[in-house]
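Reckoned from all heavy atoms, side chains included, excluding hydrogens, waters and symmetry mates. Below, read A as the first sequence line, B as the second, and so on, with proteins coming before strands; counting in each chain starts at 1.
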Amino acid sequence: MQIPIETALGERLGKAFEAQGLPATLGATARSTRPDLAPYQCNGAMAAAKQAGKPPREIAQAVADAVSGDPLIESVEIAGPGFINLTPSAKALEDRANALAEDDRAGARIVDEARTVVIDFGGPNVAKPMHVGHLRSSIIGDSLQRLFRFRGDQVIGDVHLGDWGLQMGQIITELAREKPDLPYFDKDFEGPYPDESPVTIEELETIYPRASQACKANEARMDEARMATQALQEGRPGYIALWRHFLEVSKAALKRDFAALDVHFDLWKGESDVQDRIRPMVADLVERDIATEDKGAIVIPVAREDDKKELPPFILLKSDGAALYTTTDLATILDRSETLNPDLILYVVDKRQSLHFEQVFRAAAKSGFAEDISFEHLAYGTMNGPDGKPFKTRAGGVLKLADLLDRAHRRAVARMEEAGIASDMEKAEYEAVADKVALAAIKFADLSHDRATDYIFDLDRFMTFEGKTGPYLLYAAVRVKSLMRKAEDAGVEPGEIRIKEKAEADLLYALDAFDRASATAYEKRAPNFLCDHAYTLAQAFSGFYSACPIVTAEDAETRASRLALAQLTLTQLNLVLGLIGLEAPDRM
RNA sequence: GCGCCGGUAGCUCAGUUGGAUAGAGCACCAGACUACGAAUCUGGGGGUCGGGGGUUCGAAUCCUCCCCGGCGCGCCA
């Protein structure tokens, strides 16, 4: 059987519903909320009662009669107002188990039609260090790109660097004040400009906050930054040369940060990559009367009559003529449409920008150059500190990502020492394990929460290694790996799977749910369903592991069967861990 | 003011088209290791699902009003 048990049951019941002139979708079957009664249930008869004009139990009875005797089904019972309780046959379980064991995808199917999907996530800014605010976008976006790829889509992950806005002008003017003798500020300088950046990434990271604060405090200073931004966008050679240096040193630092997270991108594009498209795009939109002038700015009105709220116009060019992130976002859509031809673009961006994306999507629709593309803003909530307020350092500043990872690493080491884990390892392996544990704690905690809601980041709790945490999942995987080594030493080989014990059946049910979990996570763009599945699976395995001896089982067939089950679990666990961006070490 | 999101066990959070007795982890209580790795497993107590009203055979879920919290609302990103 190559499809999940619940899917197979659903199809059988669907036919029975159809035979009564009812929609096949009513046959939808899922794991039971009353496992004491049966493993699976179908609620379709109750939903059908209204349209069929018959009592639900009568419909349920007809369905039950139609499917009883099916080799897939051990028993079918009707309960309450019309629940159909189903127990699959032992043969169905074993067929499915052996099919799963032979499948290198461990039961997860792929989409019927592959699409080209751009995922826009990460979104770091030049000159600003990655901080905790970038963590969610990076982790969620990465999990989604892994998941979409796994489901068969062609995925293009783009980091979409913030490298072309006002912050560049702020930094340029700040540096001009601090180091006015640099050739970049001399209008008469004829080059060539130095190859080396005049500032290191560390210096850049301190310049930006100074610049930002100065501009916020002083209107004239802000105007200076605006003018510099515009000059940069118009191509002033000194500014461009300087900006390239900023870009270069920033990218190097960002790549280190993303590598530490084990997050990777297909494209390292940014706002500036569409600079050449901006003028022609604006001219075209004005030409076609889609964009108009309003209070000195060029805008696209995006409000509609039936809007509940007042939607401000989409600003394409500021009254001083400079482009802003709205401009580059729209131009980026045009660019992606022409160069990548995607079916879908996903934006993994903070939920506070939902109004902005509403505007961008409407502007894109009015512009008419993205008619075949679907857009979704996958908004996520804020990461808060234990006090429930946005995460800050003790001093009240923003915590740099690198510092957060370092803190998590030290915490992992402390916990490992406490538990006496991996004490026999060489330093390098030990450190690598601690890194994996730290990342597992952070990523699992983030992904297991609902994407849209805020959540409390509490490293102590994520790092407890007990219960529903990333480290527990790594432990579960490592324990299976250890078991496989033991089996090999003992000469046990995996064989035909037989389901005899309750713990074996429970493990199989958990394994069989992988397809459903990955499909739901995919459809809802919600990695927390993957996390739930990973945890349920790890727990089911632990139950099986403690209830059913494997290498030490009495007869050879049982050993072979249980080892195959363990092997299958490991395969699936590795897959699902991979989808949430985790990797289990071989031992720990 | 308008709009969006949230309010579920002491704490942190799940809950797929409305379905049976609302779940999980932590914490708490009681058990299980001379070990296929106890970072584990088995069992237990604990909830007027923010409040009222409505639709329905049936509501955490749908509609409506109210309370509380977070966020957003034209030239920052």
Side-chain angles (χ1 to χ4, degrees), chain A residues 25 28 30 32-34 36-37 41 43 46-47 49-50 55-56 79-83 85 123 125 162 165-167 170 212 215-216 222 226 271 294-299 307-320 322 324-326 349-356 358-359 379 381-382 384 388-389 415-416 418-419 421 437 445 448-450 452-456 458 461 464-469 471-472 474-476 478-479 482-483 485-487 490 492 516 519-520 523-524 526 528-529 531-532 535-536 539 542-543 545-547 549-553 562-563 566 587-588:
Chain A
T25 51
S32 177
T33 54
R34 290 288 305 273
D36 53 317
L37 299 179
Q41 69 181 108
N43 302 334
M46 291 173 291
K50 270 173 211 151
F83 296 99
N85 290 327
N125 292 313
L166 180 63
Q167 81 272 23
Q170 291 179 332
S212 171
C215 290
K216 214 178 265 179
M222 183 66 101
R226 289 197 183 107
E271 297 171 334
D294 186 2
K295 294 175 187 167
I298 306 292
V299 306
D307 281 339
K308 281 184 171 178
K309 66 192 168 195
E310 198 179 331
L311 219 68
F314 179 82
I315 296 175
L316 211 48
L317 288 184
K318 300 199 291 182
S319 44
D320 67 5
L324 48 150
Y325 75 121
T326 52
V349 182
D350 192 297
K351 68 178 177 185
R352 283 173 292 197
Q353 294 198 40
S354 55
L355 178 61
H356 164 68
E358 178 75 43
Q359 291 181 292
T382 317
N384 292 334
K389 296 187 177 153
R415 299 293 315 195
M416 283 161 65
E418 221 173 277
I421 288 164
V437 168
S448 61
H449 288 88
D450 181 84
T453 60
D454 298 345
Y455 82 102
I456 293 182
D458 184 344
R461 196 152 44 76
T464 54
F465 296 23
E466 278 159 17
K468 198 171 178 179
T469 65
Y472 167 84
L474 297 192
Y475 166 74
V478 166
R479 203 165 50 163
S482 171
L483 174 67
R485 286 192 293 268
K486 278 262 159 49
V492 180
R516 172 57 164 270
T520 303
E523 281 153 18
K524 299 171 72 111
N528 61 307
F529 285 90
C531 293
D532 276 353
Y535 185 67
T536 309
Q539 259 191 330
S542 284
Y545 181 85
S546 65
I550 298 156
V551 178
T552 56
R562 288 177 180 170
L563 187 64
R587 58 196 196 110
M588 60 192 257

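- A:Tyr475 contributes no side-chain N or O that forms a donor-acceptor pair with the base of B:A39 under 3.5 Å.
- In this pair, A:Tyr545 lays its aromatic ring flat on the base of B:C36, centres within 5.5 Å and planes under 30 degrees apart.
- Relative ring orientation between A:Tyr535 and A:Tyr472 is described as tilted, the plane-to-plane angle lying within the 30° to 60° band.
- Base engagement by A:Lys295 is indicated by at least one non-hydrogen atom pair under 4.0 Å involving a base atom.
- Rounded to the nearest 0.5 Å, atoms SG (A:Cys531) and NZ (A:Lys468) are 8.0 Å apart.
- Between B:A14, B:C41, B:C76, one nucleotide has an atom nearer to the side chain of A:Ser546 than all others, and that is B:C41.
- With a 3.5 Å ceiling on both atom-pair distances, B:U61 lacks any Watson-Crick or G-U wobble partner.
- Of the inter-residue distances, the one linking A:Thr520 atom OG1 with A:Asp532 atom CG reads 10.5 Å to the nearest 0.5 angstrom.
- The phosphate of B:G37 (OP1 or OP2) has a side-chain N or O of A:Ser482 nearer than 4.0 angstrom.
- How far OH of A:Tyr455 is from CG of A:Asn384: 9.5 Å, rounded to the nearest 0.5 Å.
- With rounding to whole Å, A:Asp320 atom CG is found 12 Å from B:C75 atom P.
- Close to B:C76, at under 4.0 Å from its OP1 or OP2, lies a side-chain N or O of A:Arg226.
- Applying the side chain to side chain contact (heavy atoms under 4.5 Å, CB included) test to A:Ser212 and every residue at least two apart in sequence or in another chain returns A:Gln170, A:Tyr208.
- Remark: B:G46 base-pairs with no nucleotide in the shown strands. Criterion, Watson-Crick or G-U wobble with two distances under 3.5 Å.
- A straight line from CG of A:Asn528 to P of B:A24 spans 17 Å, rounded to a whole angstrom.
- Look at A:Lys351 and you won't find any side-chain N or O under 4.0 angstrom from OP1 or OP2 of B:G70.
- Here the P atom of nucleotide B:G70 and the OH atom of A:Tyr455 are 20 Å apart, to the nearest Å.
- At a cut-off of 3.5 angstrom, counting only N and O atoms as typed in the model, there is a donor on one side and an acceptor on the other between the side-chain of A:Arg516 and the base of B:U16.
- Of the listed nucleotides (B:G19, B:A77, B:C75), B:A77 has the atom at the smallest distance from the side chain of A:Gln353.
- Spacing between atom CD of A:Glu466 and atom P of B:A24 amounts to 18 Å, rounded to whole angstrom units.
- Within 4.0 Å (heavy atoms only), A:Leu483 reaches at least one base atom of the nucleic acid.
- When both distances must be under 3.5 Å, the Watson-Crick or G-U wobble mate of B:G25 is B:C11.
- Checking the phosphate oxygens (OP1, OP2) of B:U40, no side-chain nitrogen or oxygen of A:Ser542 falls inside 4.0 Å.
- In this entry B:C41 has B:G31 as its Watson-Crick or G-U wobble partner, both defining distances falling under 3.5 Å.
- Looking at A:Lys486, its side chain has no donor and acceptor atom pair within 3.5 Å of the base of B:G37.
- The partner of B:G72, taking Watson-Crick or G-U wobble pairs whose two distances both stay under 3.5 Å, is B:C2.
- Atom-to-atom distance recorded for A:Glu271:CD and A:Asn125:CG is 7.5 Å, nearest 0.5 angstrom.
- Rounding to whole angstrom units, NE2 of residue A:His356 and P of B:A77 are separated by 9 Å.
- Distance CG (A:Leu355) to P (B:C4): 12 Å, rounded to an integer number of Å.
- Nucleic acid contact class of A:Lys468 (heavy atoms, under 4.0 Å, all strands): sugar-phosphate only.
- For A:Arg479 and B:A38, the shortest distance from a side-chain N or O to OP1 or OP2 is below 4.0 Å.
- Across all strands shown, A:Gly165 has heavy atoms under 4.0 Å from sugar-phosphate atoms exclusively, and none from any base.
- Remark: A:Ile315 CD1 to A:Leu324 CG distance equals 6.5 Å, nearest 0.5 Å.
- The aromatic ring of A:Tyr472 does not stack onto the base of B:A39, failing the criterion of a centre distance under 5.5 Å from the six-membered base ring together with planes under 30° apart.
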